[in-house]
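Written below as structure tokens is the structure these notes are about.
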Amino acid sequence: MTGRSSPAKQPPRPWMALWYFSIALGFLLLALRAYLLGVRLSLVLLRFVIALGFAALGWVAWRAWRFSARSCSSSAVTTSSSRSRLVSAALRRSSAS
């Protein structure tokens with residue numbers, strides 16, 4: 001053991017989703033090319049399944065990025081609204097006494 005802690009988890013990035021979608025498109029084009037050249041259908045279907053897998057990874061990465069962006073902005077809104085509620089409650093208490 002070197003005593004190093006594990007690296008912090010990086011937040012999801014939108015370019016990762018685009019990367020996966022690009023790979024999926026590449027496999028889809030390879031499948032289309034193989035189909036047009038008359039390659040065995042099993043190999044064409046294999047490339048198509050791989051393309052679907054990368055498209056699913058892209059969709060999951062995109063949703064993770066969208067969810068993290070939405071939760072960060074909603075937590076900021078929640079924090080500011082809870083602060084304003086605390087301030088208004090403190091003002092009510094001070095004006096009541």
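As the structure is a prediction and not an experimental result, all values here were calculated from the model. Counting begins at 1 with the first residue of the sequence.
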Exercise for review: Please check if V44 and L46 belong to a single hydrophobic cluster, counting links between Ile, Leu, Val, Met, Phe, Trp and Tyr side chain heavy atoms closer than 4.5 Å.
Suggested key: no

Review point. Do F48 and L37 belong together in a cluster built from hydrophobic side chains that touch within less than 4.5 Å?
Key: no

Revision key, fill the gap. Taking every heavy atom of A17 against every heavy atom of G58, the minimum-distance pair comes out as CB-O, 3.5 Å

Exercise for review: Please list, chain by chain and in numerical order, all residues satisfying side-chain contact (heavy atoms from CB on, under 4.5 Å) with L29, sequence neighbours excluded.
Suggested key: L25

Review point. So, do F54 and F21 sit near enough that their side-chain heavy atoms are less than 4.5 Å apart?
Key: no

Check your understanding: Between atom CG of L45 and atom CG of L52, what is the distance when rounded to the nearest 0.5 Å?
Key -> 10.5 Å

Study note, to complete from the structure: Sequence neighbours excluded, the answer for side-chain contact (heavy atoms from CB on, under 4.5 Å) partners of A55 is A24

Check your understanding: Are W62 and W65 close enough that their ring centres sit under 6.0 Å apart?
Key -> yes

Review point. What's the spacing between I50 CD1 and I23 CD1 if we round to 0.5 Å?
Key: 11.5 Å

